[in-house]
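Structure record follows, encoded as structure tokens.
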Amino acid sequence: MQVDVLLGLQWGDEGKGKIVDVLAPEYDLIARFQGGPNAGHTLVVDGKKIVLHTIPSGIMHPDKQTLIGSGVVIDPLTLAEEVNELKQRGISVEGRLKMAKKAHLILPTHRMLDAASEAAKGNEKIGSTLRGIGPAYMDKTGRNGLRVGDIFNADFENRYHKLKEKHLDLLRLYPVELNIDDFEKGWMNSIEALRQLEAVDGVYYVQDLLKQGCKILAEGAQGSMLDIDFGTYPYVTSSNTVTAGVLTGLGLAPQQIGEVIGISKAYCTRVGSGPFPTELNDDIGNQLRNAGHEFGATTGRPRRCGWIDLPALQYAIMINGVTRLALTKIDVLDEFDEINACVAYHIGSEESKSIPYDMGAEKIIPILEEYPGWKTQLNTIKSIHDFPVNLERYLKFIESRLEVPVKYLSTGPAREDLVLI
Ligand code: GDP
Ligand code: IMO
Ligand code: MG
């Protein structure tokens, strides 16, 4: 068996949580492979909204297994809160949520380092979610990190205090308060809660399931343009958000990757700083933000909005090996008379369809192609046979440019709001 992958092709918040929740019935296991609680994946089930940060979006289906893979960084506090929130909704994670022992832990001082480092950057700040993601991955690659497997060892507290002291030494370089006692107490309590969850060897767990013929879906966080290597560096996150990250984040071989489902909104958003060639700082941008309720699921920040960027999508499709597209939030465009798509960039005097080395350093003017809107409420349409002609034209145009079929069209936040193509 192979592992199917579902990941974002833009700058995050493409609607990954919703699509994973819809596709979950086809799978036995849903596994997160990277990122941490910087992610906010929104699911709307039976009219009720839930935002997941670390737990895979398959958890709402009581017969599904979920795994937090070794490529993820876990904040025990956030995870314990998520487990409790699910419990309050009558959803038990018992026997259905596993953590890879090799997943790294986010310490309270990682969060402080994140905040101090961002504050010191001034105008050049990344716009991090301040969840301690960057510092936790730095400790992982710096070979200082603490992992889930370590919490079961007798010397865990010692190791924790050693690493904390190291962080405090670093923090003394910044003008910040160093009192973490309350925060630390809560964190230590949540470590105890973590010990009650099931920690596994992620590699053998996934490989054994594959041998048994189980179907696995790998759930991405963030988006390809936020990838540490291939995104708009330095305005990126600290992990590999692309398909390659599935191999290192779950312990798979390349030939074990099956379908790669790439998700894009029918327009584009970005939260945090960094280049965004199609951004609209005008009424149309505001209309997209209001119609799409574009406010961060993790931080509540207003998202920057703009037209869909096809060169950026072509790039993301290329590096991910996308085999199917899911186009989300198409209903947000229902009221628009005209819909635009960026088909190429003007960079200086050149026209280009490539992503430049440093998108932020270049003056990029998007070349737009305009399409008439469909002016129809798509949310009520459940079959492709009922699509308005202008929507069909628009979808054909997107597919011809991206050379990948659109297989899922999402017309609203709820599970039911999906048309299979
Ligand atoms: P994720 O991080 O990729 O899972 O996406 P988020 O949950 O951060 O943001 C997507 C937002 O759009 C959430 O509020 C979803 O409930 C909502 N959403 C998802 N799909 C659709 C859709 O097709 N139409 C509309 N109107 N909202 C959607
Ligand atoms: P989901 O999974 C949108 C952005 C932050 C910031 C940059 C670095 O919900 O799509 P970090 O906290 O990783 O240091 O932030 O990345 N970012 C996201 N933007 N959706 C996300 O996750 C994001 N996770 C991080 O806004 O610009
Ligand atoms: Mg999100």
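Read the numbers this way: they start at 1 and go in the same order the structure lists the ligands and their atoms. Side chains included, hydrogens not; waters and symmetry mates left out as well; all remaining heavy atoms used. We number each residue from 1, following the sequence as shown.
Counting heavy atoms under 4.0 Å from ligand 2, residue His41 touches it through the side chain alone. Contact annotation: for Tyr235 versus ligand 2, there are no heavy atoms closer than 4.0 Å. When heavy-atom distances to ligand 1 are checked against a 4.0 Å cut-off, Thr411 comes that close only through its backbone atoms N, CA, C and O. At a 4.0 Å heavy-atom cut-off, ligand 2 does not touch Arg270 at all. Within the 4.0 Å heavy-atom criterion, neither part of Lys265 lies near ligand 1.
Some N or O of Gly127 is nearer than 3.5 Å to an N or O of ligand 2, by distance alone. The distance criterion of under 3.5 Å between nitrogen or oxygen atoms is met by Arg301 with respect to ligand 2. By the 3.5 Å distance cut-off applied to N or O atoms, Val271 is counted among the residues near ligand 2. Residue-to-ligand polar distances place Thr237 within reach of ligand 2: an N/O pair is separated by less than 3.5 Å. Considering backbone and side-chain N/O of Gly40, one or more are found under 3.5 Å from N/O of ligand 2. Every N/O-N/O distance between Val332 and ligand 1 stays at or above 3.5 Å.
Excluding water, every protein N/O/S atom under 2.8 Å from the Mg ion (ligand 3) is given here by residue and atom: Asp13 OD1, Gly40 O.
By heavy-atom distance, the residue among Thr129, Asp114, Leu7 lying nearest atom 12 (O) of ligand 2 is Thr129. Here atom 11 (C) of ligand 1 lies nearest to Lys329 when heavy atoms of Lys18, His293, Lys329 are compared.
Each of Arg304, Lys265, Arg270 was scored for a salt bridge (charged side-chain N to carboxylate O under 4.0 Å, His left out) with Glu294, with one residue passing: Lys265.
Counting only heavy atoms of the protein, atom 15 (C) of ligand 1 lies nearest to Thr42 CB, 3.9 Å.
For Trp374 and Phe387, the distance between ring centers is not under 6.0 angstrom.
Within ligand 2, the atoms closer than 4.0 Å to a non-hydrogen atom of Trp11 are 3 (C), 19 (N), numbered from 1 in the order shown. Near Gly272, with a cut-off below 4.0 Å to any heavy atom, the atoms of ligand 2 are 27 (O). Of all atoms in ligand 1, listed by their number and element, those nearer than 4.0 Å to a heavy atom of His41 are 1 (P), 2 (O), 4 (O), 7 (O). Within ligand 1, counting atoms from 1 as listed, the ones closer than 4.0 Å to a heavy atom of Ser410 are 20 (N), 21 (C), 22 (C), 23 (O).
Residue contact check for ligand 1: Gly8 places no non-hydrogen atom closer than 4.0 Å to it. Look at Gly134 and you'll find every heavy atom at least 4.0 Å from all atoms of ligand 2. Under the 4.0 angstrom criterion for non-hydrogen atoms, Arg303 is not in contact with ligand 2.
Applying the salt bridge (Lys or Arg N to Asp or Glu O under 4.0 Å) test to residues at least two apart or on different chains, the pairs with a partner in residues 391-402 are Glu369-Arg401.
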